[in-house]
Amino acid sequence: MTDRPILELRSVTRTFPGVVAMDDVSIAFRPGEVHAVIGENGAGKSTMMNVLAGELQPDAGAILVDGKKVGISDALASQMLGIRIVFQELSLCHNLTVGENVLLSTFADRPPLSILARNGAARAAAEPLAKLGLTDVATDTPVATLSVAQQQLVEIARAISQHVRILVLDEPNSALSPRESARLFEVIRTLKAQGVTIIYVSHHLEEVLALADRISVMRDGRLVRTIDNDPEVDVDLLVTHMVGRQVNAADQYALRPEAHNHLGEPVLDVRDLSVAGNIRHASFTLSQGEILGVAGLPDSGKDILADAIFGLAPRGGTIEIGGIRLPPGRPPHSIAAGISLIPADRRAAGALLSMTVAENAVSAALRRFTRHGFLRHRPIRDTAADYVGKLDARIASLGQKIATLSGGNQQKIILARGLVTGPRVLILHEPTRGIDVGAKAEIYSILKALAADGLAILMISSELPEIMLHSSRVIVMADQVIMGQLSGADITEEAIMALATRKEAVRAA
Amino acid sequence: DPVSLEEFELAPRIAESIEAGEPLDIFVSYHDVSNEFAPFVRAGVERADEADNVNARFIGPVGADADAQISEIETLMDQMDGLAISSVSTDALAPLINRLVEAGIPVISYNTDNPDSDRLVFAGQDLVQSGREAGKLMAEVLDGEGRVMITTLDAAAQWSLDRESGAREALGEHDGIEVVRTLNTGTDPQEIFAAIENAMLADPNIDGILSLECCSTPAAGEWVERNNRVGDVKVVGFDLLDQTVELVADGVIQATIDQAPERQGYEAVNLLVTFLGGEPIDDLDTGVGIYTPDNVSEVMQ
Amino acid sequence: MPPTAGSPRYSPTRVSLARRVLTAKETGVFLALVVMCLFLAFATESFLTTTNLLNVGRQISLLGIMAIGMTFVLVSGEIDLSVGSTYALGGLATGMFIISGWPLLPALGAGLLIGAAVGLANGLLSTYGRLPSLIATLGMLSIIRGSALLLTGGQPVTVNERNGAAPDVLARFEFMGQGYLFGVVPMQLVFFAAVAALGWLLLSRTAFGFRVFAVGGSAKAARVSGIHVQSVKIWAFVIMGTLAALAGILSMAFLPSGQAGRTGLGLELDVIAAVVIGGASLAGGIGTVLGTVLGVLVIGVLRNGLVLMGVSPFMQEVMIGLVIIIAVAIDKWSMRSRST
Amino acid sequence: MPPTAGSPRYSPTRVSLARRVLTAKETGVFLALVVMCLFLAFATESFLTTTNLLNVGRQISLLGIMAIGMTFVLVSGEIDLSVGSTYALGGLATGMFIISGWPLLPALGAGLLIGAAVGLANGLLSTYGRLPSLIATLGMLSIIRGSALLLTGGQPVTVNERNGAAPDVLARFEFMGQGYLFGVVPMQLVFFAAVAALGWLLLSRTAFGFRVFAVGGSAKAARVSGIHVQSVKIWAFVIMGTLAALAGILSMAFLPSGQAGRTGLGLELDVIAAVVIGGASLAGGIGTVLGTVLGVLVIGVLRNGLVLMGVSPFMQEVMIGLVIIIAVAIDKWSMRSRST
Ligand SMILES: Nc1ncnc2c1ncn2[C@@H]1O[C@H](COP(=O)(O)OP(=O)(O)OP(=O)(O)O)[C@@H](O)[C@H]1O
Ligand SMILES: Nc1ncnc2c1ncn2[C@@H]1O[C@H](COP(=O)(O)OP(=O)(O)OP(=O)(O)O)[C@@H](O)[C@H]1O
Ligand SMILES: [Mg+2]
Ligand SMILES: [Mg+2]
């Protein structure tokens with residue numbers, strides 16, 4: 001490994017209205033290294049990646065490749081330099097097949113009138129997919145029918161489908177199962193062995209420690225420092241750099257609701273819940289003050305659970321809340337009955353992106369903020385300000401568009417929306433996906449406090465630590481059914497994984 | 001009946017300007033300046049504009065739009081010494097015409113009359129009469145016997161309704177003639193041709209096509225010629241578009257009725273100038289010109 | 001620029017009026033309008049006369065009434081191409097009711113109801129029917145136009161005593177379209193002002209208006225907020241249909257005549273252009289009633305100005321197209337410069 | 001739903017033809033067409049005659065040529081409302097060149113270039129100009145119509161010897177529009193077939209076509225994959241403009257006359273309707289040339305059938321609207337049932 005950087009940023013600055021997203025950042029990437037970039041939400045990581053991708057132009061500063069100054073005016077320019085990027089947000093063509101999506105870049109600069117050979121293309125697409133272990137999906141499958149995890153793999157396959165010198169991965173595994181992630185790490189190591197430089201953005205610090213050669217930490221748009229991944233570097237140290245003060249990372253794990261937490265009355269009673277092709281006869285109850293975790297691999301059925309209970313997906317079976325039956329397919333009824341949903345897909349299903357922070361906060365409880373149909377602005381503002389304060393959301397003003405907030409802060413506003421309705425049951429779907437450690441800890445402590453006040457919480461998550469450490473009880477789904485329940489000391493990674501993979505084990509036998 | 005300036009309460013503004021010997025600002029509003037007729041009318045207006053002391057301006061909406069015609073006249077009202085108008089819709093324009101007349105601005109109608117309004121006189125062809133002539137011509141070329149289809153590009157327009165009633169009246173005088181249908185062709189040239197084509201296929205035993213306007217006339221002629229039905233299917237229509245003239249000369253179209261649009265434009269201005277000059281004016285029939293293969297050479301340069 | 005700009009509603013400090021106006025969403029179209037008016041004031045004698053300005057006011061009113069309705073539809077994330085036909089059908093039907101001897105209010109009510117029904121059909125097709133609204137309303141454009149032709153047999157409908165209208169009904173009907181409030185302000189303009197005021201209140205001050213924005217910005221997120229997306233969109237279409245019929249009725253009262261083959265033909269594109277010039281987004285979630293009013297004024301002043309300046313009618317077509325493009329471009333560009 | 005679990009990797013097994021046809025995207029519109037044809041074959045005498053079928057073929061050709069172009073534009077995620085005007089301008093300009101004595105090829109080339117230039121302007125405005133294409137092309141609709149009126153002074157343009165066309169040029173020009181290949185197949189239909197074949201090849205087999213789908217499916221994904229989004233969209237508009245001019249030229253050659261105030265008025269909505277009936281999505285990324293051809297046939301057969309059955313023209317309007325809605329609804333619903 002030489003010390004001459006393959007890619008270097010010098011004093012790069014990029015501002016947005018009201019924020020300096022990158023503030024005089026100088027950073028060098030060495031050939032063939034895995035270089036992790038970490039930082040709190042909104043620290044400027046994605047902004048840096050977007051600058052490398054040609055999606056954003058820096059306001060000031062220079063970019064050097066192989067020691068030569070270059071301009072990255074657009075995506076094409078970035079590709080010409082051998083840079084390939086997997087963005088934080090999925091960017092696939094939903095009208096195309098898996099194979100076509102993988103080959104998007106390959107076909108980008110073919111002569112326009114060249115005839116595309118179908119079979120060769122399918123084979124070319126299958127190779128990077130196979131590397132990532134996505135072998136059970138035909139290349140001519142419409143990508144829209146894939147799960148989010150599979151889509152993420154397709155996107156990674158696209159990035160490695162061609163010769164690549166610098167591979168940028170911005171939270172590439174936020175939707176992947178542990179097994180899929182492991183496979184991805186293998187691919188990363190193989191590429192590294194082939195001399196590819198890898199820039200890796202993640203909030204999973206253990207992963208970063210396991211994978212990276214060097215780690216750069218960003219805070220508030222600035223590069224705090226770049227450190228070698230020596231054995232003495234640990235999560236605590238990284239967190240300290242990230243948040244700029246001494247914290248005990250174990251704090252966030254000390255929040256687990258006590259098993260002896262006093263449980264109140266059962267509020268949510270789900271019986272024989274079925275969703276065609278996704279869930280078969282699921283039954284469980286949820287009590288006041290309880291945090292019930294739902295774990296399972298992708299496609300186990302857990303991902304439709306939230307929508308089905310809330311009334312967004314057609315379903316069979318009965319759902320009672322406080323003894324009253326919920327009609328299917330009626331979200332307004334669900335809200336009135338006391339259910340709030342925090343959906344997994346923040347951008348597509350969560351935030352009202354074109355509206356302000358305050359408007360988002362009150363949108364699920366509008367009735368409370370109107371008189372004779374007219375909006376009452378003072379209560380709206382006061383309530384929104386109240387929750388922004390309670391959840392410690394960092395915003396410039398209540399009139400700011402939610403689209404301009406960082407992901408963690410968006411999530412807090414959506415949580416506020418769920419709480420403003422005064423729910424008895426809060427359904428959280430991937431509540432901390434893509435959220436930094438600090439914000440995560442805050443959100444967990446808020447949830448715990450809410451549960452202590454008697455709120456019943458259903459937390460559906462792909463992140464095992466989250467489930468293990470913050471649930472008083474865990475349901476594990478596999479192959480469309482509830483495979484089992486765990487509580488108290490039985491909640492261990494091994495126990496959960498055993499249930500989650502039970503079907504596969506049976507099949508394999 | 002003749003009308004003259006003495007019986008008319010001219011707006012003081014106009015009276016003063018005549019007094020001062022300023023040029024007369026005459027506006028000629030046509031109901032659709034983008035149709036094929038408009039250039040001829042405009043030419044007549046421009047010819048009249050050449051006279052000393054006359055500023056004649058040709059205005060009107062693109063596409064027959066009553067609202068637009070009203071808005072434009074309303075906007076220009078204060079600049080007018082006189083208005084000649086061919087209305088998009090007689091009923092819709094009548095109140096405005098009355099308002100102008102009340103404000104002391106002389107208004108005449110041309111090309112399309114507006115008899116229920118207070119307009120002073122009308123210069124043009126009597127539309128019912130011209131329809132009657134067309135009907136008569138058709139009866140004549142059919143020898144009083146046959147099945148006739150009437151075509152028009154806007155069956156609902158006032159001028160079309162007038163001509164249709166005249167034509168049906170004249171055809172109705174012959175027991176041997178049956179009017180099969182009125183075909184609404186739409187306005188796009190391709191559409192017009194396709195409509196005729198489809199209608200002739202649906203009912204192959206039609207003996208005569210009577211077109212009520214400029215544009216389905218050549219289309220009917222073309223259809224007849226291309227399907228080798230010349231003489232077998234008779235065509236009578238309106239106006240002297242290039243294509244129509246040629247088809248008449250070739251004997252494909254048996255007769256066409258001209259309404260001298262250039263003259264209408266010219267006379268429209270002229271009548272107002274005459275009126276404002278203090279002389280009485282009266283309705284002016286610009287005539288029905290009938291062209292058949294025998295005399296069509298008169299209009300071929 | 002801090003992201004608070006332009007949304008002083010929740011910001012704790014009061015922003016000065018000038019500042020608010022300069023950063024408001026409607027700035028682009030407002031500037032375009034001012035430039036046009038200044039130019040016309042110098043270039044023509046009659047532009048700034050009261051008569052002319054009131055004329056402009058009347059001439060834009062019907063377009064304006066429909067544009068208010070279209071603002072709701074566009075903000076809700078849909079589009080309505082059937083408005084020209086609804087305008088024709090509503091007006092003609094009311095006219096026919098009046099000449100067949102109905103009293104005024106039932107005739108008006110029936111006309112408005114027809115408009116509302118068309119809106120309802122559009123809304124049902126575009127929501128529960130799962131058709132893109134462009135297609136649903138394109139089909140309805142044709143269906144409603146055909147219905148108007150069938151209803152009237154293609155004959156012009158004229159509302160006068162000769163055709164059977166009761167004299168007192170006729171007088172009140174004509175007053176709606178041709179009268180002047182206090183002898184000065186054209187009644188059509190009064191209707192437009194009232195519709196604009198109500199529309200502004202409804203869109204920017206009520207829970208319903210809030211929901212229209214929410215639904216247009218992100219239908220999925222709105223559903224998670226417990227908003228009944230379909231019913232909000234259907235209501236937007238119903239408002240649009242009713243206002244299109246109202247405009248058609250006023251046109252009938254003004255002329256007082258109409259013809260199914262012609263009335264309101266192609267009007268939909270004018271209406272959409274006005275709303276988009278006013279800053280609304282075809283993608284939904286963005287638009288204001290004030291912007292729409294300004295957009296309508298731009299079109300009205302442009303048409304008036306071109307006529308006053310004696311621009312040839314063919315050249316007018318070219319100019320109108322240019323101004324549509326330029327006005328929207330200014331808006332886009334000023335938005336962009338404000339956001340970076 | 002387990003996505004295609006178990007389906008073969010490169011689908012090495014040949015799926016039976018019947019199976020492929022039944023699951024093809026075009027099934028909905030194909031069924032609609034078959035039902036209509038069967039009905040007309042029984043209900044009328046003349047529908048199934050060769051003359052009539054060739055007539056239908058000719059009557060849909062120009063609509064069809066434009067619809068192929070519109071397929072590219074819609075699939076790329078844009079829309080073009082200016083095509084009726086371009087059709088008029090392209091045809092009229094070529095006609096004027098011919099009667100002012102130009103040889104055939106330069107006259108045709110110039111007409112097509114004008115169409116391409118309009119497309120280029122639409123494309124530039126909709127990409128680099130950042131205008132929504134609905135608005136950009138709505139403005140151009142007006143600008144180009146006005147230009148055609150200015151160019152011709154509103155006079156009809158008739159291409160004949162008397163007006164100055166050279167006899168041999170005229171003969172060849174008229175053959176393009178009026179002639180028959182092998183004495184049977186109308187030349188217009190030949191042009192349509194050729195355009196459809198090339199369009200199919202380009203859209204579904206070439207790298208350019210692939211990029212059109214990519215760009216329409218997700219502009220961001222396409223961009224970050226290194227596809228030059230703007231240039232792909234601009235080319236789609238240029239293809240559209242050129243084909244609109246070609247259709248206009250053929251119309252001119254057929255009639256052989258045109259008029260700027262009338263030719264192609266409102267055609268844009270027919271063209272869009274045909275493409276959408278054929279299964280293309282207004283949201284972009286979805287559409288096929290085969291579907292478009294079927295959509296054009298549906299409209300052509302419908303128009304022809306209604307006339308053959310003697311349905312009143314007013315009722316025809318209603319029926320056309322209904323068929324647009326029903327055809328697209330069938331398509332949506334059959335897609336839905338196939339995907340669940
Ligand atoms: N297009 C934009 N407009 C306005 N602000 C933006 C834009 N893009 C980024 N920002 C702001 O820039 C800052 C840095 O954002 P960035 O996405 O780079 O953070 P990040 O480190 O990737 O965070 P995360 O961990 O949440 O992904 C944030 O405050 C964000 O709100
Ligand atoms: N069009 C936009 N206008 C304003 N801000 C934007 C826009 N697009 C993205 N942003 C902001 O830019 C930042 C970059 O987005 P990114 O995809 O990195 O997500 P993030 O906010 O960092 O959230 P997370 O890491 O939780 O997913 C975000 O803060 C987002 O709010
Ligand atoms: Mg990020
Ligand atoms: Mg993030």
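Order of the sequence lines sets the chain letters (A, B, ...), proteins ahead of strands, with each chain counted from 1. Atoms considered below: every heavy atom in the structure, side chains included; atoms not considered: hydrogens, waters and symmetry mates.
Closest of all the heavy-atom pairs between Gln259(D) and Asn35(B) is NE2-C, 3.2 Å. What you find for Ala202(B) and Val307(D) is that their closest heavy atoms are CB-O, 3.9 Å. Summarising the geometry of Leu255(D) relative to Arg226(B), their closest heavy-atom pair is O-NH2, 3.3 Å, with the distance given to 0.1 Å.
Of the atoms belonging to Asn52(D), heavy atoms from both backbone and side chain fall under 4.5 Å from chain B. For a residue to count as touching a neighbouring chain, one of its non-hydrogen atoms must lie under 4.5 Å from one of that chain's; by this rule Leu62(D) touches chain B with the side chain only. With a threshold of 4.5 angstrom between heavy atoms, Ser251(D) approaches chain B through its backbone and through its side chain. Proximity to chain B (any heavy atom under 4.5 Å) is restricted, for Arg58(D), to the side chain, taken from C-beta onward. Phe47(D) does not touch chain B: none of its heavy atoms, backbone or side chain, sits under 4.5 Å away. Both the backbone and the side chain of Leu201(B) come within contact range of chain D, judged by heavy atoms closer than 4.5 Å. Residue Ala38(B): no heavy atom, backbone or side chain, is found under 4.5 Å from chain D. Within the 4.5 angstrom heavy-atom criterion, only side-chain atoms of Gln178(D), from C-beta onward, approach chain B.
Of the listed residues (Asp32(B), Leu153(B), Val33(B)), the greatest number of heavy-atom pairs within a distance under 4.5 Å of chain D belongs to Leu153(B). Listed options Thr51(D), Leu149(D), Asn55(D), Leu265(D) were ranked by heavy-atom pairs under 4.5 angstrom with chain B; first place goes to Asn55(D).
For the residue pair Gln155(D) / Glu36(B), no side-chain donor-acceptor distance below 3.5 Å is found, with atom types taken as modelled. Of the N and O atoms on the side chains of Asp242(B) and Asn163(D), at least one donor lies less than 3.5 Å from an acceptor on the other residue.
Side-chain contact between Gln190(B) and Leu63(D) is absent, with no heavy atoms from C-beta onward closer than 4.5 Å. Here the side chains of Glu246(B) and Asn160(D) are in contact, with some heavy-atom distance below 4.5 Å. Asp188(B) is listed as a side-chain neighbour of Thr263(D), based on a closest heavy-atom distance under 4.5 Å. In this structure, the side chains of Pro256(D) and Glu222(B) come closer than 4.5 Å at one or more pairs of heavy atoms. Put simply, the side chain of Asn304(D) reaches to within 4.5 Å of the side chain of Asn198(B), judged on heavy atoms.
A donor-acceptor pair under 3.5 Å is absent between the side-chain atoms of Gln59(D) and the main chain of Glu197(B), judged by distance alone.
By the neighbour-count criterion of 12 heavy atoms within 6.0 Å, atom CZ of Phe175(D) is densely surrounded, having more than that number from other residues, nucleotides or ligands. The 12-atom threshold is not exceeded at CD of Glu45(D), counting heavy atoms of other residues, nucleotides or ligands nearer than 6.0 Å. Around CE of Met176(D), the count of heavy atoms belonging to other residues, nucleotides or ligands within 6.0 Å exceeds 12.
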